[in-house]
Amino acid sequence: MASAAGKQTSKSSSKPGSSGGSGGGGGSGGAANSLSGSGAAVSLSGSLNKKKKPFLGMPAPLGYVPGLGRGATGFTTRSDIGPARDANDPVDDRHAPPGKRTVGDQMKKNQADDDDEDLNDTNYDEFNGYAGSLFSSGPYEKDDEEADAIYAALDKRMDERRKERREQREKEEIEKYRMERPKIQQQFSDLKRKLAEVTEEEWLSIPEVGDARNKRQRNPRYEKLTPVPDSFFAKHLQSGDNHTTVDPRQGQFGGLNTPFPGGLNTPYPGGMTPGLMTPGTGELDMRKIGQARNTLMDMRLSQVSDSVSGQTVVDPKGYLTDLNSMIPTHGGDISDIKKARLLLKSVRETNPHHPPAWIASARLEEVTGKLQVARNLIMKGTEMCPKSEDVWLEAARLQPGDTAKAVVAQAVRHLPQSVRIYIRAAELETDVRAKKRVLRKALENVSKSVRLWKTAVELEEPEDARIMLSRAVECCPTSVELWLALARLETYENARRVLNKARENIPTDRHIWITAAKLEEANGNTQMVEKIIDRAITSLRANGVEINREQWIQDAEECDKAGSVATCQAVIRAVIGIGIEEEDCKHTWMEDAESCVAHGALECARAIYAHALQQFPSKKSVWLRAAYFEKNHGTRESLEALLQRAVAHCPKAEVLWLMGAKSKWLAGDVPAARSILALAFQANPNSEEIWLAAVKLESENNEYERARRLLAKARSSAPTARVFMKSVKLEWVLGNIDAAQELCTEALKHYEDFPKLWMMRGQIEEQSGSTDKAREAYNQGLKKCPQSIPLWLLLSRLEEKAGQLTRARAILEKSRLKNPQNPELWLESVRLEYRAGLKNIANTLMAKALQECPNSGILWAEAVFLEARPQRKTKSVDALKKCEHDPHVLLAVAKLFWSERKITKAREWFLRTVKIEPDLGDAWAFFYKFELQHGTEEQQEEVHRRCENAEPRHGELWCAESKHVLNWQKKIGEILVLVAAKIKNTF
């Protein structure tokens, strides 16, 4: 623009006829020039600003390639790829395989790689496209990676949507496949179980499997090899002939004799051949070969021989075994051993008077099998460290018999006060008299050693031991063990003196006092026991000894196990209250008593209970624990004496009265039981428990009229639902159905929300054959008591018995709606389907039940046996994970082992079950049935006795028998036998 303005001004100034205005024109022209000059300056600065781009100085964007916009990329120059080469030029790799040794071969190979993609129509699919990727040869950039990640996420999402259906389909296919083609193990499982029924005669009569091979295969003819004499080799050594037979003349002329007078000489003497001929004369020296072989064997034997006192210990027969025993058993690498050996050598040289270095070096050589090197090292160690007890003991350990004794004798000269060396010397002696001699010599030098005195005394006879102990306590007056050992060997009077001296010398030890008390008890002075223990507590406290309650109780338990009952009880009474707060006394004492029972110290527990009852005479819980202790571990007389004292202190405790009456009744003393119940009536008038106990006492002793009168009196004075129920039950079991129904109707007027009355009414009608009335009774009961599980179960079983399976199923579904998460209802539903033969529905219901009640033992126990036999063990493991301490699961595992004939394991699990829940009658019944089949008479009697003591009351099978009207008077043992007889081994 500036140049254009200049041109215009110059043109206007050069026009003709413009001279008159030259001055003005010149002025205007100068002004125009000046303006045009300023405009040019502005336009220049603007053009400079436009050239400066805003992205200068900033990092390039991702994926930017310089020159890509103007096409200045993608070309290659010769400098990039090197000089041009002919196709026949060799490649740079001198060791290239054939087919790749020229440039042309390499180019063909690269072209073949590029043409690997098959883009034929046969390789094209309408939906998936080509089998390979069309762009696999292209660069893999970041956007490709992002696209692949998105597609992978989509595939994963779609796969998750179909996962359940796919897994279900696969599971069904596997089950169908297993049903069509079961495993060989499953096919023969029934036959394997039947093997248990095969008798020994049948087993022996099974024929042996014959050998189907032919005669040549059964009796292979091995190649016969005949040894060839040396003359044969000598004769044919230089000839190139091959002979497969022996010359008959060799046998005729006696082996090595040949028809040639030269004997072993060949027809061409002096000809040298490789092989067995000597280089000088060409003669075969077989004698030297034998000598060399013998020499080689002697060398090998001398390497493994271990000469002791000039006699070899190599066993020719066990030669290979000896070679194997030479293999080091250190378990480390050879290089590690060399490093350790070098390191220990450096330690020994640096500090030769350091005993652990010598011991470690010797043990290293011993471990690696170099016993003699170890012995030499440790003997060198004894020279360098003569005052080290450990080095001498290690040397004695490594040396054999007599040498070890010499080493110990040398050690004694250097260390005359070492107790361990004297003990080692005594151990090395085999004769008892020699041991005594060594120990007495040791005691002359080290008379203050308790260990030496104890070792020496153990070798002596009782009389000599007593004399030695009297000297020992003079030398070691602070050793409690020596004093007590001397007191045990002395007479009563001398023992008392010994213990008194011991107390003077050791006033801070409790064992001396306890031993003194036991001594007095053993000699009949029981009145002194209490005084000695009290004096012991006082004396020990005076000497600053802290009375540790736990230690004293442990001493009391040891006295109990040793039979010193009075001492044990005295110790308990003296220390039971030490260090306990008053509010913690009862709780702590009960724990102590249980601990003593667990340790088998029954007298200690009895003493603790006696002391607790003195302190808490009105505590019903303490009396109950003491009564249960006497019931389980005491006699009937001790239990009754305790209960008499208990009811005197706690007359309102009904359970104590009932325990006393039951004890008298079990002993056969019915009048005494009645008198106890009469006294209980006076103390607890109108008590339901005592009324029912009196009724049970009379009914069990066949005094039915008296029982009826008692129940009538109870209904009038203390009418409760239980009293009415017992009244109905008595009439029912005695066969008075009409009276029972009348009483039941009357009871339901007062207690219509008591489910047992409805249950009894329905069962009575069911027994009479009136199914409709029973159904009506159950339905009315469920209206009043919808939470009663037994009522639902009775109604469903009634419908099932009547053949109304659908109605029974509907009843159970309704019950589950009204009582959610109830395992008994779920179990009955599963069993209903199983009894109907619908195993698939039963398995489905069991899965739902375990989802709703995952911690139910009865459901898991049933689920174990719903599975096929191969899967039961896995199911039982799952059940134990969920319900580890549930008795039903433990019982199921025991039955599982029983079904697999694992008798020992089954017995262990049965014992575990009855221990964890002794009230489960089913467990006792299965256990008894198991022992009837696989146990001895003693084991059967043991289970029977333990079951009677446990008095179980619960269990499905147990209650079915114990509550049956025909078994109402049967004892626990009789019911056990009945239930066991009903059990069938169908699991």
Review point. Between Ala627 and Leu643, which heavy-atom pair has the shortest distance, and what is it?
Key: CB-CD2, 3.9 Å

**Study point:** Electrostatic pair Arg835-Glu800, nearest N-O below 4.0 angstrom
**Key:** yes

Practice item. Could you verify whether a donor N or O on one side chain and an acceptor N or O on the other, from Gln767 and Trp732, lie under 3.5 Å apart? Key: yes

Check your understanding: Would you say the side chains of Glu172 and Gln168 form a donor-acceptor pair under 3.5 Å?
Key -> yes

Exercise for review: Can you tell me which residue pairs pass the side-chain hydrogen bond (donor to acceptor under 3.5 Å, both in side chains) test with a partner in residues 783-799, sequence neighbours excluded?
Suggested key: Arg775-Glu799, Arg797-Glu828

Point to revise | Short side-chain to backbone donor-acceptor contact, Ser716 and Lys713, under 3.5 Å | key: yes

Exercise for review: May I ask you to test the Ile983-Asp922 pair for a side-chain heavy-atom distance under 4.5 Å?
Suggested key: no

Review point. Please walk me through it: do Lys586 and Ser621 pass side-chain hydrogen bond (donor to acceptor under 3.5 Å, both in side chains)?
Key: CA-CA 10 Å; Lys586 176 187 165 186; Ser621 59; 2.8 Å; yes

Review point. If you look at every heavy atom in Ala646 and Leu656, which pair is closest and at what distance?
Key: CB-CD1, 3.8 Å

Exercise for review: Write down the atom of Arg872, the atom of Leu896, and the distance for their closest heavy-atom approach.
Suggested key: CB-CD1, 3.6 Å

Check your understanding: Do we see a donor-acceptor contact under 3.5 Å between the side chains of His587 and Glu591?
Key -> yes

Check your understanding: Are the side chain of Glu852 and the backbone N or O of Gln821 linked by a donor-acceptor pair below 3.5 Å?
Key -> yes

Revision key, fill the gap. Closest non-hydrogen atoms of Val864 and Ala879, given as atom of the first, atom of the second and distance, are CG2-CB, 4.4 Å

Point to revise | Straight-line distance of Asn967 CG to Glu961 CD, nearest 0.5 Å | key: 5.5 Å

Exercise for review: Quick one: do Arg831 and Glu956 satisfy salt bridge (charged side-chain N to carboxylate O under 4.0 Å, His left out)? Show the steps, please.
Suggested key: CA-CA 13 Å; Arg831 288 178 176 173; Glu956 187 178 4; 2.7 Å; yes

Practice item. Could you tell me whether a side-chain N or O of Thr913 sits under 3.5 Å from a main-chain N or O of Trp909, the two making a donor and an acceptor? Key: yes

Check your understanding: With a cut-off of 6.0 Å (strictly less than), are more than 12 heavy atoms of other residues, nucleotides or ligands near CD of Glu173?
Key -> yes

Exercise for review: Please say whether more than 12 non-hydrogen atoms of neighbouring residues, nucleotides or ligands are located less than 6.0 Å from NZ in Lys929.
Suggested key: yes

Point to revise | Pairwise side-chain contact, Gln763 with Lys963, heavy-atom cut-off 4.5 Å (strictly under) | key: no

Exercise for review: Decide side chain to side chain contact (heavy atoms under 4.5 Å, CB included) for Val979 and Tyr928; before the verdict, give the C-alpha distance in whole Å, the side-chain angles of both, and the deciding distance to 0.1 Å.
Suggested key: CA-CA 9 Å; Val979 179; Tyr928 186 66; over 6 Å; no

Practice item. Start with the C-alpha distance between Val943 and Val914, add both sets of side-chain angles, then the distance that settles side chain to side chain contact (heavy atoms under 4.5 Å, CB included), and finish with yes or no. Key: CA-CA 10 Å; Val943 174; Val914 298; over 6 Å; no

**Study point:** Ile858 side chain near Trp826 side chain, heavy-atom distance below 4.5 Å
**Key:** no

Check your understanding: Just wondering, are more than 12 heavy atoms of other shown residues or ligands nearer than 6.0 Å to CD in Glu164?
Key -> no

Review point. Is the number of heavy atoms from other residues, nucleotides or ligands within 6.0 Å of NE2 (His954) greater than 12?
Key: no

Practice item. Could you go through the side chain to side chain contact (heavy atoms under 4.5 Å, CB included) check for Ile916 and Asp886 one step at a time? Key: CA-CA 8 Å; Ile916 203 169; Asp886 191 279; over 6 Å; no

**Study point:** Verdict with supporting geometry, Lys749 and Glu746, salt bridge (charged side-chain N to carboxylate O under 4.0 Å, His left out)
**Key:** CA-CA 5 Å; Lys749 293 177 182 176; Glu746 183 184 353; over 6 Å; no

Check your understanding: Does atom OH of Tyr751 have more than 12 heavy-atom neighbours, drawn from other residues, nucleotides or ligands, at distances under 6.0 Å?
Key -> yes

Practice item. Would you check, one step at a time, whether the test salt bridge (charged side-chain N to carboxylate O under 4.0 Å, His left out) holds for Glu948 with Lys971? Key: CA-CA 9 Å; Glu948 288 180 338; Lys971 302 291 189 292; over 6 Å; no

Check your understanding: So, Glu640 and Gln644: side-chain donor and acceptor under 3.5 Å apart, yes or no?
Key -> no

Review point. Would you say Arg907 and Glu931 make side-chain contact, with heavy atoms under 4.5 Å?
Key: yes

Check your understanding: Does NZ or CZ of Arg946 come closer than 6.0 Å to the centre of the six-membered ring of Trp924, within 45° of the ring's axis?
Key -> no

Check your understanding: Under 30°, 30 to 60°, or over 60°: which ring-plane class applies to Phe910 and Phe927, parallel, tilted or perpendicular?
Key -> parallel

**Study point:** Closest approach of Leu920 to Pro887 (non-hydrogen atoms, all atoms of both residues)
**Key:** CD2-CB, 3.9 Å

Review point. Is Glu731 paired with Arg708 through a side-chain N to carboxylate O contact shorter than 4.0 Å?
Key: yes

Revision key, fill the gap. His649 meets the ring-ring contact (aromatic ring centres under 6.0 Å, His included) criterion, sequence neighbours left out, with Trp623

Review point. Is Lys905 salt-bridged to Glu908, cutoff N-O under 4.0 Å?
Key: no

Review point. Within a strict 4.5 Å, meaning less than it, do heavy atoms of the Lys895 and Phe930 side chains meet?
Key: no

Check your understanding: Between Lys163 and Glu170, is there a salt bridge with N-O shorter than 4.0 Å?
Key -> no

**Study point:** Asp878 side chain to Trp860 backbone, donor-acceptor under 3.5 Å
**Key:** no

